[in-house]
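The structure under discussion appears below in the form of structure tokens.
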Amino acid sequence: AQRVTQPEKLLSVFKGAPVELKCNYSYSGSPELFWYVQYSRQRLQLLLRHISRESIKGFTADLNKGETSFHLKKPFAQEEDSAMYYCALSRYNQGGKLIFGQGTELSVKP
Amino acid sequence: EAQVTQNPRYLITVTGKKLTVTCSQNMNHEYMSWYRQDPGLGLRQIYYSMNVEVTDKGDVPEGYKVSRKEKRNFPLILESPSPNQTSLYFCASSLGGASYNEQFFGPGTRLTVL
């Protein structure tokens with residue numbers, strides 16, 4: 001069965017420190033992976049997707065098929081990065097289901 | 001403004017009283033989906049629709065119904081709500097299916113079933 005696991009409920013760091021939000025998945029086929037973010041009092045929104053290989057707001061994520069991981073990283077955290085982060089998986093070219101992890105709350109302290 | 005709207009935003013009801021949560025998008029998206037968000041469980045997909053008159057179950061469809069008679073609307077129906085359906089519900093839409101495409105989320109509907 002497909003599953004997405006975010007092992008940390010809460011991650012607290014100081015401003016300027018590196019951040020890594022962990023995401024592990026289980027899926028035997030070719031996954032499409034995403035990171036979504038929900039800032040306080042805002043809608044859930046896409047942060048980045050692995051297929052785009054982009055950096056958004058300083059965040060990057062690399063798909064590691066060997067370790068079945070898609071960790072989200074940022075070298076220097078900012079206070080405005082404080083939010084709820086969700087990792088999500090979809091099956092390649094099969095458009096229906098989207099599976100989310102449990103979410104990690106990132107708190108960046110001044 | 002391109003967006004997904006949900007109504008109502010807050011609802012308190014009693015067990016067994018049928019209710020409908022509406023979802024509408026103005027982006028001509030083909031794909032629409034419903035999720036529930038519960039503490040410690042993240043978002044779980046209830047139903048999705050790839051296009052008009054095409055719907056399918058997500059991971060937690062029990063106790064819910066949906067319909068897709070028009071492209072822009074995707075209502076969520078609880079025929080006989082129970083307390084375990086107390087949750088925060090999100091509707092989302094995208095241009096195509098869930099793979100590749102960015103999901104646009106509604107503001108959420110907080111439902112309490114007494």
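Convention: sequence-line order gives letters A, B, ...; per-chain numbering from 1. Side chains included, hydrogens not; waters and symmetry mates left out as well; all remaining heavy atoms used.
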Between [X] and [Y], is there a shared hydrophobic cluster once you connect ILVMFWY residues whose side-chain heavy atoms come closer than 4.5 Å?
{"X": "B:Y31", "Y": "B:F90", "value": "yes"}
{"X": "A:I99", "Y": "B:W34", "value": "no"}
{"X": "A:L21", "Y": "A:F70", "value": "yes"}
{"X": "B:F105", "Y": "B:L88", "value": "yes"}
{"X": "B:I77", "Y": "B:I46", "value": "no"}

- prompt: So which bits of residues 72-88 of chain A come within less than 4.5 Å of chain B, counting non-hydrogen atoms only?
  reply: A:Y86
message: Just to be sure I understand the criterion: a residue of residues 101-110 of chain A counts if one of its heavy atoms is under 4.5 Å from a heavy atom of chain B. Which ones qualify?
response: A:G101, A:Q102
message: Between A:L98 and B:Y35, is there a side-chain heavy-atom distance shorter than 4.5 Å?
response: yes
Would the number of heavy atoms belonging to other residues, nucleotides or ligands and lying under 6.0 Å from [atom1] of [X] be above 12?
{"X": "B:I12", "atom1": "CD1", "answer": "no"}
{"X": "A:E67", "atom1": "CD", "answer": "no"}
{"X": "A:Y39", "atom1": "OH", "answer": "yes"}

Out of curiosity, [X] [atom1] to [Y] [atom2], how far, rounded to the nearest 0.5 Å?
{"X": "A:R43", "Y": "B:Q103", "atom1": "CZ", "atom2": "CD", "answer": "14.0 Å"}
{"X": "A:L47", "Y": "B:E102", "atom1": "CG", "atom2": "CD", "answer": "10.5 Å"}
{"X": "B:D59", "Y": "A:R3", "atom1": "CG", "atom2": "CZ", "answer": "10.5 Å"}

message: Only pairs of heavy atoms separated by less than 4.5 Å count here; which of B:G108, B:S33, B:G106, B:S49 has the most with chain A?
response: B:G106
task: Let me know if A:Q38 has heavy atoms under 4.5 Å from chain B in its side chain, its backbone, both or neither.
output: side chain
message: Less than 4.5 Å to any heavy atom of chain B: does that hold for the side chain of A:L33, its backbone, both, or neither?
response: neither
- request: Identify which part of B:L41 has an atom lying under 4.5 Å from any heavy atom of chain A, answering side chain, backbone, both or neither.
  value: backbone
task: Mind listing the closest non-hydrogen atom pair of A:F34 and B:N101 along with its distance?
output: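 In terms of heavy atoms, the two residues are closest at CE2-O, 4.2 Å.
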